[in-house]
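Sequential numbering from 1 along the given sequence is applied to the chain's residues.
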Amino acid sequence: MISTKPLREADPEIAKLIEQEIERKEYSLELIPSENIVSEAVLEAAGSILTDKYCEGYPGRRYYGGCEYYDEIEKLACDRALQLFGGEVANVQPHSGSNANMAVYFGLLQPGDTVMGPKLDHGGHLTHGSKVNFSGKFYNIVGYGVDPQTQLYDTDQIVALAKEHKPKMIICGATAYSRQIDFEGFRKAADAAGAYLMADVSHYAGLIVGGVYKSPIDYADVVTTTTHKTLRGPRGGLIIGRTAPMKKISKIVFPGIQGGPLMHQIAAKAVAFREALQPEFKEYAASIIDNARALAAGLQKRGFDIVSGGTDSHVMIIDLRSQGITGDIAEDALGKAGITVNKNTIPDDPQPPARTSGVRIGTPAITSRGFTVSDMDIVADVIVRAITNHDNEAALAAARADVRSLCSRYPLYRHKAGTYWSAEG
Ligand code: DSN
């Protein structure tokens, strides 16, 4: 018989670690721009019995019996994804954004083909052509960057590069770029080379469906995204595109690179998509950007430099060179103050990726908690105090106390305390 014991009895070690993580989240400022906080409904679906089932194949074409409810779940997820983003065909099976991107490469290209993508230190992702990733190992990558003056992607320069290198595919989209991406300009670059255009909007997806960031759907042949960033769903990937390329890509997702889809995650994606279709989600998306702009202004007012001078999205990169410290030290100091960020390269960073000259911060998670523009000056203040006092333990402890009291105003999981573990249990 399977055990019916709750986790706190079945595995107190893991239960206690979950409880500690709940405490960490409750009382710290989550400013990693690629993280968010899912609803109870999404959590419930992700933690459901759907984890048990093998459903290799696609709805109506499975390699296992007993998939009738799973077919409905996957169809709902796909329909809702298309309602949100537009487009012709959706595939909700990728386990992650990297898998989604790999399926596009393998579906549309041959090894050795030329691909143009954003360089890692200019905002790109590992799967956009990094040498340490499959993309950089199997394909001939031509990296593009931001203009050194404006720190923006300049699509005139990218069109010229596309004419010169004639790539088979151009990737637009970024993990550390705060401004609007000119998807129409990228389409011109793709057309100039006869290339596919892939838009990886993992970071911007929630803003796009919320109507506060331009959509690539009319310009890109294929759009990839994760579902867990601004979109506020469970961890996973999604691909949407035109029918012809999607036929090739879906054959790669399964059986090309994945086996059984994670149906509990797919159900949770469907739940999150339904949430994102509600009018409140538009307000949420707008608030993410309002908060980010106010936070950037608060940092600039205190003498901090922001790459490209500000943000039009959920994210910003602080250029720390004028503060005389590196990203790794700032990340540690902020961590001691209860502020979670990640060190991040700035364009043409003189420091290596393990050190960096910047930190990347974003507002999706704190906006989900209920923080508003009126809180952003306080958030900017504690960030600046932590960074400028990085070697002063007393000042970091004082900043930590302020963060704790700020977080207390926006309860998160206090109702769950003791659910997973308790000293008595
Ligand atoms: N690793 C993700 C991020 O933090 O932006 C991108 O996939």
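The side-chain hydrogen bond (donor to acceptor under 3.5 Å, both in side chains) pairs that include a residue from residues 385-401 are Lys336-Glu393, Asp381-Arg385, Arg385-Asp402, where partners are two or more places apart or lie in different chains. Counting only residues at least two apart or on different chains, the ring pair (Phe, Tyr, Trp, His ring centres under 6.0 Å) pairs with a member in residues 301-329 are His203-His314, Tyr204-His314.
There is a side-chain donor-acceptor pair under 3.5 Å between Thr127 and Asn101. Between the side chains of His264 and Asp52, not a single donor N or O lies within less than 3.5 Å of an accepting N or O.
A donor-acceptor contact shorter than 3.5 Å is absent between the side chain of Arg414 and the backbone of Glu26. Not one N or O on the side chain of Asp319 forms a donor-acceptor pair closer than 3.5 Å with the backbone of Gly358. At least one donor-acceptor pair closer than 3.5 Å links the side chain of Gln258 to the backbone N or O of His95. A donor-acceptor distance shorter than 3.5 angstrom exists from the side chain of Gln93 to the backbone of Gly57, with no hydrogens or angles considered. In this structure a side-chain-to-backbone donor-acceptor pair under 3.5 Å is missing from Thr114 to Pro167. Although no hydrogens or angles enter the test, the distance criterion places no donor-acceptor pair under 3.5 Å between the side chain of Gln180 and the main chain of Asp182. Checked by atom type and distance alone, the side chain of Glu74 never pairs as donor or acceptor with a backbone atom of Pro59 at under 3.5 Å. For the pair Ser215 (side chain) and Phe85 (backbone), a donor-acceptor distance under 3.5 Å is absent. Side chain of Arg80 to backbone of Arg274: no donor-acceptor contact under 3.5 angstrom is found. Side-chain atoms of Arg179 never come within 3.5 Å of backbone atoms of Tyr153 as a donor-acceptor pair (strictly under, hydrogens ignored).
Counted within 6.0 Å of CZ on Arg242, heavy atoms from surrounding residues, nucleotides or ligands total more than 12; the atom is thus considered enclosed. Within a 6.0 Å sphere centred on CD of Glu44, heavy atoms belonging to other residues, nucleotides or ligands number 12 at most. Other residues, nucleotides and ligands contribute over 12 non-hydrogen atoms within 6.0 Å of the CZ atom of Arg24. In this structure, Lys251 places its NZ atom where only 12 or fewer heavy-atom neighbours from other residues, nucleotides or ligands lie under 6.0 Å away. The neighbour count for Arg235 CZ, taken as heavy atoms of other residues, nucleotides or ligands under 6.0 Å away, does not exceed 12.
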For this session: Apply the test side chain to side chain contact (heavy atoms under 4.5 Å, CB included) to residues Glu164 and Leu161: give CA-CA distance (whole Å), side-chain angles for both, the deciding distance (0.1 Å), then the verdict.
Result: CA-CA 5 Å; Glu164 184 187 341; Leu161 208 59; 4.2 Å; yes
Exercise. Does the side chain to side chain contact (heavy atoms under 4.5 Å, CB included) test come out yes or no for Ser202 and Thr175, once each step is laid out?
Worked result: CA-CA 8 Å; Ser202 295; Thr175 66; over 6 Å; no
For this session: Could you give me the CA-CA distance, side-chain angles and deciding distance for Thr150 and Ser308, then say whether side chain to side chain contact (heavy atoms under 4.5 Å, CB included) is met?
Result: CA-CA 6 Å; Thr150 60; Ser308 87; over 6 Å; no
Problem set entry | Residues Asn91, Met246; criterion side chain to side chain contact (heavy atoms under 4.5 Å, CB included); working and verdict | CA-CA 8 Å; Asn91 188 314; Met246 284 305 289; 3.9 Å; yes
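Taking CD1 of Ile387 as the start and CG of Leu396 as the end, the distance is 10.5 Å to the nearest 0.5 Å. Here the CG-CG distance, from Leu84 to Leu231, works out to 7.0 Å after rounding to the nearest 0.5 Å. Taken to the nearest 0.5 Å, the CE atom of Met376 stands 9.0 Å off from the CD1 atom of Ile383. Once rounded to the nearest 0.5 Å, the distance linking CG of Leu50 with CG of Leu262 reads 11.5 Å. To the nearest 0.5 Å, atoms OG1 (Thr345) and NZ (Lys119) are separated by 11.5 Å. With rounding to the nearest 0.5 angstrom, the CD1 atom of Ile181 is 11.0 Å from the CG atom of Asp312.
Using cut-offs of 30° and 60° on the angle between ring planes, the pair His125 and His128 is perpendicular. Ring orientation note: the planes of Tyr144 and Phe186 are tilted relative to one another, at an angle of 30° to 60°.
The closest side-chain heavy-atom distance from Met316 to Ile361 is below 4.5 Å. Counting heavy atoms from C-beta on, the side chains of Ile208 and Val223 never come closer than 4.5 Å. Put simply, the side chain of Leu126 does not reach to within 4.5 Å of the side chain of Ser98, judged on heavy atoms. By the 4.5 Å heavy-atom criterion applied to side chains, Asn342 and Val359 are not counted as neighbours. Tyr27 is not listed as a side-chain neighbour of Leu412, based on a closest heavy-atom distance of 4.5 Å or more. Within the 4.5 Å cutoff, the side chain of Pro118 has heavy atoms near those of the Ile171 side chain. Looking only at side-chain heavy atoms (C-beta outward), Cys67 and Lys53 come within less than 4.5 Å of each other. A 4.5 Å side-chain heavy-atom check between Tyr413 and Thr419 finds every atom pair outside the cut-off.
The nearest pair of heavy atoms linking Leu238 to Ala90 is CD1-CB, 4.4 Å. The two residues Ala268 and Val42 have their closest heavy-atom pair at CB-O, 3.7 Å. Considering every non-hydrogen atom in both Val253 and Ala103, the closest pair reads CG2-CB, 3.6 Å. For the residue pair Lys269 and Val92, the shortest heavy atom distance occurs at NZ-O, 2.7 Å. Residues Leu295 and Ala380 share a closest heavy-atom pair of CD1-N, 3.6 Å. Between Ser408 and Pro411 the shortest heavy-atom distance is O-CD, 3.9 Å.
Tyr284 pairs by the ring-ring contact (aromatic ring centres under 6.0 Å, His included) definition with Phe281, not counting sequence neighbours. For the side-chain contact (heavy atoms from CB on, under 4.5 Å) test, residues two or more places apart in sequence or in another chain that qualify with Ile289 are Leu207, Val212, Arg293. Here Thr227 pairs with nothing under the side chain to side chain donor-acceptor pair (under 3.5 Å) rule; sequence neighbours left out. In this structure, the ring-ring contact (aromatic ring centres under 6.0 Å, His included) partners of Tyr139, at least two apart in sequence or on a different chain, are Tyr105.
A salt bridge does not link Lys16 with Glu19: none of the charged nitrogens is closer than 4.0 Å to a carboxylate oxygen. Between Glu184 and Arg187 there is no salt bridge, since none of the side-chain N atoms of the basic residue sits less than 4.0 Å from a carboxylate O of the acidic one. Salt bridge status for Asp328 with Lys343: absent, with no side-chain N to carboxylate O gap under 4.0 Å. Between Lys416 and Glu40 there is a salt bridge, since at least one side-chain N of the basic residue sits less than 4.0 Å from a carboxylate O of the acidic one. Between Asp349 and Arg321 there is no salt bridge, since no side-chain N of the basic residue sits under 4.0 Å from a carboxylate O of the acidic one. Under 4.0 Å is where a charged nitrogen must lie from a carboxylate oxygen, and between Arg404 and Glu23 at least one such pair does.
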